[in-house]
Structures are given as structure tokens and as C-alpha cells.
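Order of the sequence lines sets the chain letters (A, B, ...), proteins ahead of strands, with each chain counted from 1.
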Amino acid sequence: MKGINPSTEFHLVNDIETAWAMKRWLSESRRDVIGLDTETSGLNPYAPDAELRMVQIGDRTAGWAIPWKEWGGVALEVLNAWDGEWTLHNLAFDEKWLRIHAGWQIPWHKAHDTLIMYNMLYPGQPASLKFITDKHIDPRASVGQKILDEAMKKEGWGWHNIPTDFGPYAMYSALDPVLAVHIWDFLRADKKFPKSYDLEMSTLRICSGMEDRGINIDVDYCEQQRDKLNEYVEKSKKWAKDEYGVNIGSTQSLAAFYQNTLNAHIEKRTPGGAPSMDKESLDNMLLSDDPSVVEFTKFVLNVRKADKIRGSYFENFLRDHTNGLLHPSIKTMRAVTGRMSITDPALQTLHSNDSIVRNAVVPREGQVIMSSDLDQVEFRVFAHLSDDEALIETFKKADDTGSDAFTEIGAQVYQEPNFQKSDPRRKLIKSTIYGKLYGSGIAKMAQTAGVPFEDMKKVSDDLNAAYPGMNRYAKEVEQILSNRMAVEKYPYIETVVTGRRVPVEEDRLYSGVNYTIQSSAAEIFKSNLVKLDAAGLSDNFVVPVHDEIIVSIDPGDVEEVKQILRENMTTSEGWAVPLSADVEGPFARSWGEKYEKNH
DNA sequence: GGTCCCCGCGCG
DNA sequence: AAAGCGCGCGGGGACC
């Protein structure tokens, strides 16, 4: 650790002389990269009162903090003057603020993100600027942060109103781009970017575009649904409270009511030991001999669902939109496995068993919605990795005949060519396969499928006999993980696409199979987005949902887009089983059409 | 009054 | 031998 050179200068650009000094610094020194950072009023750049407060640039010799409101023109001058590489820590954040509030688009092909770089090279470790600086750069650097925190507390300042000329704030701000450059130096010691870094940087650029273009919602529909559900939920909760004194929103109150008033027995416990009032527990209540228990339980289940839909979706849509446009936050590397997550609102969790919520998501003006889903991608990746000849053959047959993989497995395992999709064994086959993907035991599979242990075991044994590669692969993975734990200090798996390392918890090595599959599938999907971007479709992206991309397109382009989606969402090269995708739509009214019962 | 965890449940 | 994977969100409730 070399640390920060004590002769490094930090400046607040709040007079002409300093502005000139900064410009001289920019033009007179030779350098490979400039660090860039911003200070903002808060986290959400789309908030009505959002304000860019400071733009900071720096290298190994100096850091400059430029108050945006007073000296924004100077800031833009230097942003435009530098045509070399930029490095930032958490590019996704600053890129948005600069684009929205400074009207300046960072050139993506010259922008680097040390947050992503760090994630690639030190998977599973905290990756905040502060943590990395303390650990790898210079622990003295965080002293300023402490002083600033205390001052803000003492003066009652927040990020939105701390004066830009307050010394510690200016100093702390000017330091950050300098740190960004030091982290760049540290991570770039071998001057190579991992393959996964390129994929993630492209994904970042594509998803940033999606956040910016936003998602159109039908505001009137949301308001109607919210009001309707609101009335039902409030009325119902009040009735339960008045009539029986039970708060059905509280698991404690609800459990007490079942036990004390309805004299119902609650078998299941939560991990914390409390009586469980989850869906399974309540579904058991539906089997009660006591009609009043059954009626009350139906009532509770209905209210819960309505409450969830109202609060998590319609309320949030209405809270977050501006003129019918939602700008969600897409975190491209949120899950340890590299899956993306979407918040504000949580667009990956919209109810799919009916279309009520997705009806709120509509095409852009004059357009139609289409979608493309990867077809059982995790199972296909599993089949590829397990290298089980029979399983691979079964997939090929299912693809050739256009039948469903689980049905085809039934036909194969039971030697019944006429095995039907409606055969009750198909459900057990599906449960077994998903159980294996997730590393579950037979007891859990049986519980999920709602069948006796013995029935489940029979199917599981049959599948293991027919496709021995599945268990063989699982054993292999555990063996590799144990070896790595012993030799390399921590157990990790590698993704199939880029070889990115994903750490596995030491006491849960069995989850390595799922991690490999899930993280590889995530990279396959991201690669497909990059391919679609190259094919010119990314401006039409609306939202990604793990293995599915939603697009909004002109009605005249439907056939062309179908073709583009089919081509670029499918991968065959290098896979024992083709990774195929379907295309659905066009839907002229809403995303919900895809989920309508008769569809 | 703010913060954190538990619990339950939505999605892939 | 046995182990369901990954997320986000909201209400309740404990705690400070």
C-alpha cells in the first residue's frame, strides 16, 4: 500500500483564480486517466427536488470540487475538454446524475467503473469506496469522512443542504476522484480487464438506457385499482377488528385468534419458533372440519393478497411515476450470482397468476409490447453441465417434437411413448428437477409438491437411475469446492460464460450447483442483451426479468423484431442443449395481455 | 420517531 | 446423509 502522496492538493473551485488553476492542471499535465465523482442532494436523480451539488475531478496530484450551481459552466468546460479515459466508483450512479442534471453524457467507451472491476476481482467482499480505500489504498483517507459526519450531525445538515464551501465537505468531495484513480491503479496492476468486466460494463450501459427511457403506466387504471382494493382491505380489516378483536395483518394476533378463539391447532412453526401463519399453514386451515375456520381463512387469504397488490404495486406505481413514466432502479450486479435486481418499484415481482398488475404496464405512445423468454434456461444449463447423454437426448427430442421437456422425461423414464402432459407424475418430475437445481432433499421436494415422501422418493430414484449424470455432476462440484477451500482459502464456482468467480458459503457447499447454474444463466441473458443491443434493439427495451426481455416497438416492426429476438436470444454454439427462447406478442394494450387466462 | 429484524409472499 | 436457489417489499414489533 503506497498511500496517497502527501503533496496531493485539494481545491474548492469557488473563484476565478482556482478555476484557472484547474484548467492549467488539466491542460499542462500528462495523464492516462481522470477520476470523476459527484455529490448530490440524495439518491434518486428523478426526485422532484433532486439537485446536483458538486462535480469533482482529480488524478494522482490534485482533486477539484466544483459546486454545480455556481460553477456548473466551468465544470462542463472541463468535462468536455478531457477526451481520455474516465474512472468512477459506481459509474451507474454518477452517469445518471450528470446526464439528467448537467445534461452531460459520459462517453461510455471511455468510462470505467472500479466498483464492477472490484466485484470481478474480489467477489463477495464489500466494495464501497471507503472499504476499498481503508483496505488497499490509505486508511488515513477516511478520517475526513468522520469529521464530516460529526459536523453534519451537529449542524443538522443533510446532503441536500450542506454548504458547498464548508471546508470538510469540499475536502471530502475533492478527495473522492483522487481515490478513484488510486483504486484504478491498484486494480489495474496487471493492465488486464477480466472478460466478465466487459460484459458487465455493456450491461450497465444498456440498463442505464432502460432506466432513463422509463416504463409507461396507465395512471387512471392504477388509481381505480388502488381505490377499489383499498376500500375492500380497509373494510375487511376493520370488520375483523370490530367483530373479533383480531388484527389480521399481525401474525401474532392472527395466531392467537386461531388458537384461543377458533380452537384451531397450528402445526407449523416459523424459523423463529412462532406459530406459522404462512400460506401453507393457512391452506391447512382450509381442510378443517369447522366451517367457521374455513370461512375465516378464505377471508384472510383474500385480504392478504389484495393488500399486497394494492400496497406493493399500485401504490408504488403511483408514488414513483412522473407523467405516467416510471424510472426504476436497475442494479445489474445485485445478486451474488450476478442476477439483476429492480427496485422502485420491484418490477420483477409483479403477480403473474393473473393480469391485474401487469395491465398497468402499457406500450409507449403508438407502440406495442413484445417479449422474449429464455426457455427453461437453468434446466438446460444443468443438462449441459451434467453431461448426461440420456438427458441431453431427451431435450433434443422435446425440441424436435415441440413437446415439453418434463413430459418427454416422463415418456423416457417410464418407457411410455404416450406419456401425457396431464399425467400426475409430470408434476413430480418437475418438482424433482427443480429440487435438484436448487440442491433440495427429497423431504423438501415432497413438501413443495404436496405429496407423500415415498411417492416423491420413487420418482426421484427413477430419475436418478435414468440420468445418472445429474448426481455425478453434483458430487463433482462439491469435490471441487472442497479442494478450493483447502488450497485457495475460499470455495467458489466459475460461471460458464466468462469464468467469473462466485464465492460459495463454506457450510453450504451443496448450493454450488445452483450458483453455477444461476450465475451462468444470468450471464447468458446479459450476453443476449448485448447481442440485441448490437442488432439495434436496445432503444426499445422496457424491462428485463431475469431471463426475459420486454420491448416496446412500432406496430410496423413486429415481424422484423420477432426475427431479431429469435436470433439473438438463442445460443447453440458450445452448448450440448440449445438455449432457446420464445417470442410473444404483439400486445397492443398492456403487458398484462400476456397473462390473461385464455392466452 | 427512527432503525432493524422477523415474517410472509411476490417473481424467476 | 442432508441441505431448495436468488432477490424486494410491507407490516408488525422490538429496541433505542
Without decimals, in angstroms, what is the distance between A:Met456 CE and C:dA2 P? 15 Å
Taking atom P in both C:dG4 and B:dG12, compute the distance separating them and give it to the nearest angstrom. 22 Å
Output yes when at least one side-chain N/O atom of A:Arg334 is less than 4.0 Å from OP1 or OP2 of C:dG8, else no. yes
Within this structure, what is the NZ-to-P distance between A:Lys237 and C:dG10, rounded to whole angstrom? 13 Å
Proximity to the side chain of A:Gln252 - top-ranked nucleotide from C:dG4, C:dG10, C:dG13: C:dG13
Does OP1 or OP2 of C:dG8 have a side-chain N or O of A:Asn316 closer than 4.0 Å? no
Assess whether a salt bridge exists between A:Lys457 and A:Asp461, defined as any Lys/Arg side-chain N lying under 4.0 Å from an Asp/Glu carboxylate O. yes
Using OP1 and OP2 only, check whether a side-chain N or O of A:Tyr510 sits under 4.0 Å from C:dC5. yes
At under 4.0 Å between heavy atoms, what does A:Lys444 touch on the DNA or RNA strands: base, sugar-phosphate, or nothing? base
Using a 4.0 Å heavy-atom cut-off across all strands, classify A:Gly439 as base, sugar-phosphate, or nothing. base
Students often get this wrong, so: under 4.0 angstrom with heavy atoms, is A:Val513 touching a base, only sugar-phosphate, or nothing? nothing
Partner of A:Thr203 under side chain to side chain contact (heavy atoms under 4.5 Å, CB included), picked from A:Lys526, A:Glu523, A:Met333, is A:Lys526
Under 3.5 Å donor-acceptor pair, A:Arg304 side-chain atoms to B:dG8 base atoms: no
OP1 or OP2 of B:dC11 less than 4.0 angstrom from a side-chain nitrogen or oxygen of A:Ser352, does that happen here? yes
Looking at the side chain of A:Ala274, which of B:dC7, C:dA3, B:dG8 is the nearest nucleotide? B:dC7
Does the plane of the ring in A:Phe299 sit parallel, tilted or perpendicular to the ring in A:Phe296? Use 30° and 60° as the thresholds. tilted
As a test of reading the structure: which of C:dG12, C:dC9, C:dG6 is closest to the side chain of A:Asn247, going by heavy atoms? C:dG12
Nearest-neighbour nucleotide for the A:Arg508 side chain, C:dG6, B:dC9, C:dC7 considered: C:dG6
Can you tell me how far CG of A:Leu350 sits from OH of A:Tyr313, rounded to the nearest 0.5 angstrom? 6.0 Å
If you take atom types as modelled and just measure distance, does the side chain of A:Gln518 reach the base of C:dC5 with a donor-acceptor pair under 3.5 Å? yes
In whole angstrom, what separates A:Met333's CE from C:dC7's C1'? 14 Å
Let's test this: given Watson-Crick or G-U wobble pairing with both distances under 3.5 Å, identify the partner of C:dG4. none
Looking at A:Tyr313, does any N or O in its side chain come under 4.0 Å of the phosphate oxygens OP1/OP2 on B:dG10? no
Could you state the atom-to-atom distance from OH of A:Tyr434 to P of C:dG6 in whole Å? 17 Å
Which is true for A:Glu315 with a 4.0 Å heavy-atom rule: it touches a base, it touches only sugar-phosphate, or it touches nothing? nothing
Look at the side-chain N and O atoms of A:Ser312 and state whether any lies under 4.0 Å from the OP1 or OP2 oxygen of B:dG10. no
Ring-plane angle category for A:Phe317 and A:Phe314, please: parallel below 30°, perpendicular beyond 60°, tilted otherwise. perpendicular
Please classify the nucleic acid contact of A:Asp507 as base, sugar-phosphate, or nothing, using heavy-atom distances under 4.0 Å. nothing
Of the listed C:dC7, B:dG10, C:dG8, the closest approach to the A:Ala335 side chain comes from C:dC7
Taking only the side-chain heavy atoms of A:His351 (C-beta and beyond), determine which of B:dG10, C:dC7, B:dG12 contains the nearest atom. B:dG10
Should A:Asn514 be listed as having a side-chain N or O under 4.0 Å from OP1 or OP2 of C:dG4? no
Give, for atom CZ of A:Arg339 and atom CD of A:Gln518, the distance between the pair rounded to the nearest 0.5 Å. 4.0 Å
Minimum-distance nucleotide to A:Thr251 side chain [options: C:dG13, B:dG12, B:dG8]: B:dG8
From B:dC9, B:dC11, C:dG6, nucleotide with atom closest to A:Asn353 side chain: B:dC11
Does A:Ser355 reach the main-chain N or O of A:Asn359 with its side chain, forming a donor-acceptor pair under 3.5 Å? no
A:Thr349 side chain N/O closer than 4.0 Å to the phosphate oxygens (OP1, OP2) of C:dG8? no
Would you classify A:Arg339 as touching base, sugar-phosphate or nothing, given that sugar-phosphate means primed atoms plus P, OP1 and OP2, and contacts are heavy atoms under 4.0 Å? base
Between B:dC6 atom C1' and A:Met277 atom CE, what is the distance in whole Å? 15 Å
Integer-rounded Å distance: C:dG8 C1' and A:Lys331 NZ: 9 Å
Could you state the atom-to-atom distance from CG of A:Leu509 to C1' of C:dC5 in whole Å? 15 Å
Kindly point out which of B:dG8, C:dG4, B:dG10 is positioned nearest to the side chain of A:Ser276? B:dG8
Side chain of A:Tyr438 only, please: which of B:dG8, C:dC5, B:dC11 is the nearest? C:dC5
Please report, rounded to the nearest Å, how far the C1' atom of B:dG12 is from the CG atom of A:Asp373. 10 Å
Are A:Phe587 and A:Tyr595 an aromatic pair, judged by ring center distance below 6.0 Å? no
Phosphate oxygens OP1/OP2 of C:dG11: is one of them under 4.0 Å from a side-chain N or O of A:Arg310? no
